[in-house]
2 protein chains.
Amino acid sequence: MTKPVPRTRIQRKNIALISEAALSVFSTHGFRGSTVDQIAREANLSKPNLLYYFPSKEAIHQHLLSMLMDTWLAPLKALQDDGEPLEEILTYMRRKLQMSRDHPRESRLFANEIVQGAPRIMDMLETELKELVDEKAKVIEAWMAAGKLAPSDPYHLIFSIWSLTQHYADFDAQVHAVLGPGHDDPFPEAETYLTTLFTRLLQP
Amino acid sequence: MTKPVPRTRIQRKNIALISEAALSVFSTHGFRGSTVDQIAREANLSKPNLLYYFPSKEAIHQHLLSMLMDTWLAPLKALQDDGEPLEEILTYMRRKLQMSRDHPRESRLFANEIVQGAPRIMDMLETELKELVDEKAKVIEAWMAAGKLAPSDPYHLIFSIWSLTQHYADFDAQVHAVLGPGHDDPFPEAETYLTTLFTRLLQP
DNA sequence: ATTCCTTTTGACCTTTTGGTCAAAGCCGAG
DNA sequence: CTCGGCTTTGACCAAAAGGTCAAAAGGAAT
């Protein structure tokens, strides 16, 4: 796969450079649409030099995905059984929205991959992700059963949080085209809108 | 662009074949990830034969996008000023959801394009789409001002309908991975869930 | 300063890809 | 049935792309 663990300072630096460049390139062109030359240019390295650190284009992509998966799932992992239900959900939503704002490239990297059928991460979706979602769905279901949240389908609730928050990163081009040039940063409005939405949906 | 208007029966048939094949290929691999050979193979035509009908790969893609744009906008166009507000919105949402179910490839074609920055349809987004959304946003705003819908941001309301409905087509792979193999067709549940969601959000 | 290991690169190879072209095949109107 | 335009294709081309390799350059511990 990737280099085991970076040993030298130079390795750490260059692997970071490559990851950063690859994230930009893969997130805007998808896997097949990106070229090694493009990534190398963006990282200010020669192509053979880049391939000295990663054995192949696929390896870079794989490395990014597994590196970022944890970051990506962190907000859901943080959803606490013992918190105040509505507040927990709203916090989760806000954290996801914040990730869309702060890490739009990561969001688009995953979006590209999944829209195209997730050929390279189906594994992780079916294991790591599914298990986490199953676990948290149970927590939410328990809240609903206890009358602390209005009843609804916990899986679709989670899907709706993903879709609504990631929309602002993944479909950024469309959001900006529709809102027009005068409009900047839709995130504050989005947060207000989504807070209202989930509050009305979930308040018992 | 494309061939003016198909004259012969053979032309009509082959252009239809190519469009169908190209839709499948582009929607699963994105523009840069798709090859002309792939499309030709899928259409059971030789590559030069395909290029007899369309001058280039880009032309096929362009043809598809403009051909499908109308279909794609039809549900929003159908939103009627003089209807019952909440019912109009719910109908719009249901029609969009139905399109995700019946035309997932079209949805993914647009998704691919937009996630990658919409380089080939930014024009249409900034003109056709923006004008339509501006118009309908006014209608919705008027409903809210008249107290027929709970007040909220009409643009974000439209974004949320897009994101929630298209999610089931665009991120199909993820939805299925998370719901697991035992689960089939999430659309009925999705419709119930989304109906509740928008009803609670918008009921005055 | 020497040595040994790490890092970098120019040149090169093969495969894939978008696209061309001339010639052959087909088909329907007269 | 035959002629003229429409359709199809095998062969080909140039550029792009993923990847290799041997040799040069760099760096740090002795």
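Residue numbers start from 1 in every chain, and the chains themselves are labelled A, B, ... in the order their sequence lines are given, proteins ahead of strands.
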Between [options], spot the one nearest the side chain of [X], thanks.
| X | options | result |
| --- | --- | --- |
| B:P48 | D:dG19, C:dG18, D:dG10 | D:dG10 |
| B:Y53 | C:dT17, D:dG18, D:dT7 | D:dT7 |
| A:R32 | C:dT17, C:dG18, D:dT8 | C:dT17 |

Any B:N49 side-chain nitrogen or oxygen under 4.0 Å from OP1 or OP2 of D:dT7
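No, outside the criterion.
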Give a yes/no answer on whether the side chain of A:Y52 brings an N or O atom under 4.0 Å of OP1 or OP2 in C:dT8.
no
Atom-pair distance ([atom1] on [X]; [atom2] on [N]), nearest Å:
| X | N | atom1 | atom2 | value |
| --- | --- | --- | --- | --- |
| B:I15 | D:dT8 | CD1 | P | 11 Å |
| A:F26 | D:dG18 | CZ | C1' | 12 Å |
| A:I39 | D:dG18 | CD1 | C1' | 11 Å |
| A:Q11 | C:dT6 | CD | P | 8 Å |
| B:F54 | D:dT7 | CZ | P | 13 Å |
| B:H61 | C:dG18 | NE2 | C1' | 16 Å |
| A:L50 | C:dT9 | CG | C1' | 13 Å |
| B:I60 | C:dT17 | CD1 | C1' | 13 Å |

What's the spacing between A:I121 CD1 and A:L109 CG if we round to 0.5 Å?
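Those atoms lie 8.0 Å apart.
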Tell me every residue that passes side-chain hydrogen bond (donor to acceptor under 3.5 Å, both in side chains) with A:T28, counting only those two or more places apart in sequence or in another chain.
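With neighbours one apart ignored, the set is empty.
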Base, sugar-phosphate, or nothing for B:L51, non-hydrogen atoms under 4.0 angstrom?
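Since a base atom lies under 4.0 Å of B:L51, the category is base.
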Residue pair A:H176 / A:D184, side-chain heavy-atom distance below 4.5 Å
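Not touching, per the 4.5 Å side-chain cut-off.
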Any salt bridge linking A:R108 with A:D170? Criterion: basic side-chain nitrogen under 4.0 Å from a carboxylate oxygen.
no
May I ask you to decide whether A:K130 forms a salt bridge with A:D134, counting only side-chain N to carboxylate O separations under 4.0 Å?
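Salt bridge: yes.
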Both A:N14 and B:R9 contact DNA chain C. Which one's nearest nucleotide lies toward the 5' end?
A:N14
Nearest-nucleotide 5' precedence on DNA chain C, A:S46 against B:I10:
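Final value for this comparison: A:S46.
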With a 3.5 Å cut-off and heavy atoms only, can you find an N or O donor on one side and an acceptor on the other between the side chain of B:K47 and the base of C:dG18?
yes
